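Throughout, protein chains are lettered first and strands after them, A, B, ... in sequence-line order, and every chain is numbered starting at 1. Please read these numbers as outputs of a predicted model, since none were measured by experiment.
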Amino acid sequence: MNFNQKVWAIAKKVPKGKVTTYKIIAEKLKTKAYRAVGNALNKNPYAPIVPCHRVVNSDGRIGGFATGAKNKIKLLQKEGIKIKNNKIENFKKVLWR
DNA sequence: GCTTTGACTCTCG
DNA sequence: TCGAGAGCCAAAG
């Protein structure tokens, strides 16, 4: 299992309507490679299978996305997550761990 | 095979 | 409040 596969596996576990952060994923992998996590999601070949839009920055910001952050924000809002000015509202409540 | 870059995060002035 | 620097890992040049 590659590093990427592990990242994707964790990302897939995030339930609908919730989000997680790069940091949390890295911690579950027992590593501090936050950047590598983002890197893995960036080039994930399982775009529809892995809900990479549920992975955000540690401060609740969306950050950047390959398909456009705006698009991802819309997607998250559809799942019941509210976003204001590029930031997730009630971040702690929708945060998955 | 070494260097650069990136969807990151933390700490310090 | 905000920018700079450092630390971390994988992929691309």
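Side chains of A:K43 and A:N39: a donor on one and an acceptor on the other come within 3.5 Å.
Spacing between atom CG of A:L75 and atom C1' of B:dA7 amounts to 15 Å, rounded to whole angstrom units. Rounded to an integer number of Å, the gap from CG of A:N42 to C1' of C:dA12 is 12 Å. A:N2 places its CG atom 16 Å from the P atom of C:dC9, with the value rounded to the nearest Å. Summarising the geometry, the separation between CG on A:L29 and P on B:dC8 is reported as 16 Å, rounded to the nearest angstrom. Remark: P of B:dT9 and CD1 of A:I25 are 10 Å apart, rounded to the nearest angstrom. A straight line from CD1 of A:I24 to C1' of B:dA7 spans 16 Å, rounded to a whole angstrom. Between the P atom of B:dG6 and the CD1 atom of A:I62 lies a distance of 20 Å, rounded to the nearest Å. Rounded to an integer number of Å, the gap from A:K6 NZ to C:dA10 C1' is 13 Å.
The two atoms that bring A:I73 and A:I83 nearest to each other are CG2-CD1, 3.5 Å, heavy atoms only.
With DNA chain C read from its 5' end, the first of the two nearest nucleotides for A:Y34 and A:N39 is the one closest to A:Y34.
Across all strands, A:G63 comes closer than 4.0 Å to no nucleic acid atom at all (heavy-atom distances). At the heavy-atom level, A:F3 lies under 4.0 Å from the strands shown only through sugar-phosphate atoms. Nucleic acid contact class of A:D59 (heavy atoms, under 4.0 Å, all strands): none. At the heavy-atom level, A:K72 lies nowhere under 4.0 Å from the strands shown. A:A33 comes within 4.0 angstrom of the backbone, heavy atoms only, and of no base.
In this structure, A:S58 reaches the B:dC10 phosphate: one of its side-chain N or O atoms is under 4.0 Å from OP1 or OP2. Proximity of A:K23 to the phosphate of B:dC10: a side-chain N or O atom is located under 4.0 Å from OP1 or OP2.
At a threshold of 4.5 Å between non-hydrogen side-chain atoms, the residues A:V56 and A:F91 count as touching.
Checking B:dA7, C:dA10, C:dC8 against the side-chain heavy atoms of A:N4 singles out C:dA10 as nearest.
Under the 6.0 Å distance and 45° angle rule, A:K16 does not count as a cation-pi partner of A:W96.
Between A:R54 and A:E79 a salt bridge is recorded (basic side-chain N to carboxylate O distance below 4.0 Å).
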